[in-house]
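What follows is one structure encoded as structure tokens, with my remarks underneath.
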Protein chains: 2
Amino acid sequence: MALAIKVNEETFTPRQQAVLTAALDLLVENGDGLTMTAVARRASCSKETLYKWFGDRDGLLTATVQWQAAKVRMPFVDRSHLNLKALRASLEQFARDLLTTIIGEVSITLNRTAITHAAQEKDDLGNIVLENGPLAIRRRLKPILEAARDARLLRFPSSEEAYRTFFGLVVRDVQIRLLLGDKGLTQSNVEANIEADVKTAADQFLALYGAKANS
Amino acid sequence: MALAIKVNEETFTPRQQAVLTAALDLLVENGDGLTMTAVARRASCSKETLYKWFGDRDGLLTATVQWQAAKVRMPFVDRSHLNLKALRASLEQFARDLLTTIIGEVSITLNRTAITHAAQEKDDLGNIVLENGPLAIRRRLKPILEAARDARLLRFPSSEEAYRTFFGLVVRDVQIRLLLGDKGLTQSNVEANIEADVKTAADQFLALYGAKANS
DNA sequence: TTCGAACCGTACCGTACGGTACGCCTCTCT
DNA sequence: AGAGAGGCGTACCGTACGGTACGGTTCGAA
């Protein structure tokens, strides 16, 4: 369908959103075994309507992912008065949001679907998830890092490197293991340790890039 | 087919390995659009033979992934005489192997296939990839970390935490972006920076857990 | 009240693909 | 040389699913 990434200006009617919700539910339940018939039945609509609204199966999938991925909200951080305490709080907030998002069933499903899609030259969904996942975080985090650097709170060669290190310190091997269905890593299992992990990640990041560290 | 993870004692005849090679090639080329007919044609064998040897499509897929994943070799590290220099070299070697593996097309394909599979309750492939990927690294890395701790070269609360931090520092967001088909992150693009990234990761890890750091 | 658009439910079509059956060839063992 | 096993190629079957067509219903506008 659409190759370009749709901006959110494209709004769906409540009925259409109900359909998308049904599609997402089925996606979460049945994995990628999403059939048009199943969506139609679940949403109590006709297949003809699905095709009229979304073009084809890929269109429906894209709309679902797009609509859902855009819901992920990043924390807004006040960068006007930055001190070390505020910076640490921001970092922890980012880490917390990132972790809670990543371990959610919806996120796992969306990522799996997009990856499956990316395995067939269609990088449509992959780009949407990327744009609303890692890249969105990068967009939001970088200005803060740079502001902190200007305030002499952080030191790093490039904000890109700092962002990627932060991502790694927070996510570690959690996402890939969840995507692969590691049974030794349940959602609740990770959830219980979020606060500790968040704190550890922030500590480590500050230890590496804090101005005090490499002075 | 088999739910348990097959140990490598199960050996394939050369002819069978040729079939598996064909299957892997098709997997890399066509994504998950792997059809039995395609494999049979590519390998110049009959479908009946495929079913005889591998049971069904899942069996073939499992055999392919299993066979290929087991090929990933981790570096062997001499842990008898560990000094800081040797430790750093080991860490860098691990990081290098991990990165080069992860960005390879075969690894990407295998992970994508396993993730797609995991989206349908069949965590068979996921476990295999997991076992030969992250968990294998963990098994190999942990003893070294612990040896280094015993030699007073490292300090960490738990080797599990240290391993996960190492993984995060090395992999960062590279794997997920490649899996999602990020076009701004080509293989050669990453490859060029491997050495610098490896060094950075080792530096950061030692900065965080080196005995000198938190003395 | 009537018209028409939107939409539901269902039936239908074509195709792709997993899985099976079968005829023929080749190679090995006796 | 004869027999049987293993394996190739192809034809075939059943089904699941994407996509389309169509009759019936609701609802809002004129």
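These numbers come from the heavy atoms of this one structure, side chains and all, not from hydrogens, waters or symmetry mates. Proteins come first, then strands; the chains are lettered A, B, ... in the order of their sequence lines, and each starts at number 1.
When each of D:dC8, C:dG9, D:dG19 is scored by its nearest atom to the side-chain atoms of B:S46, the top-ranked nucleotide is D:dC8.
Atom pair B:L60:CG and C:dG19:C1' shows a separation of 13 Å (rounding to whole Å applied). Between the CG atom of A:N30 and the P atom of D:dC17 there is a distance of 10 Å, rounded to whole Å. Remark: P of C:dG18 and CZ of B:F54 are 15 Å apart, rounded to the nearest angstrom. Rounded to whole Å, atom P of C:dC17 lies 16 Å from atom CG of B:D58. Taking atom NZ of residue A:K52 and atom P of nucleotide C:dA6, one finds them 5 Å apart after rounding to whole Å. In this structure, B:D32 atom CG and C:dG18 atom P are separated by 10 Å, rounded to whole Å. If you measure from atom CD of B:E48 to atom C1' of C:dC25, you get 14 Å, rounded to the nearest angstrom. Distance, B:M36 CE to D:dA11 C1': 17 Å, rounded to whole Å.
For the pair A:R57 and D:dA16, the criterion of a side-chain N or O lying under 4.0 Å from OP1 or OP2 is not met. Contact check, B:T49 against D:dC8: a side-chain N or O comes under 4.0 Å of OP1 or OP2. The side chain of B:W53 contributes an N or O atom lying less than 4.0 Å from OP1 or OP2 of D:dG7.
Looking at residues two or more places apart in sequence or on another chain, you find a ring-ring contact (aromatic ring centres under 6.0 Å, His included) between B:F205 and B:F166, B:Y209.
In terms of polar N and O atoms assigned as donor or acceptor, the side chain of A:K47 comes within less than 3.5 Å of the base of D:dG19 in a complementary pairing.
A donor-acceptor pair under 3.5 Å is formed between the side chain of B:D56 and the backbone N or O of B:G59. Of the possible polar contacts, none joining the A:R112 side chain to the A:L180 backbone as a donor-acceptor pair under 3.5 Å is found. Remark: side-chain polar atoms of B:T100 are paired, donor with acceptor, to backbone N or O of B:D97 under 3.5 angstrom.
Residue contacts for B:L50: at a heavy-atom cut-off of 4.0 Å it reaches no nucleic acid atom on any strand shown. A:R41 comes within 4.0 angstrom of no nucleic acid atom, judged by non-hydrogen atoms across all strands.
In this structure, A:T37 and B:R15 both approach DNA chain D, and ranking their closest nucleotides by distance from the 5' end singles out B:R15.
Side-chain polar atoms of A:T116 and A:T113 form no donor-acceptor pair below 3.5 angstrom.
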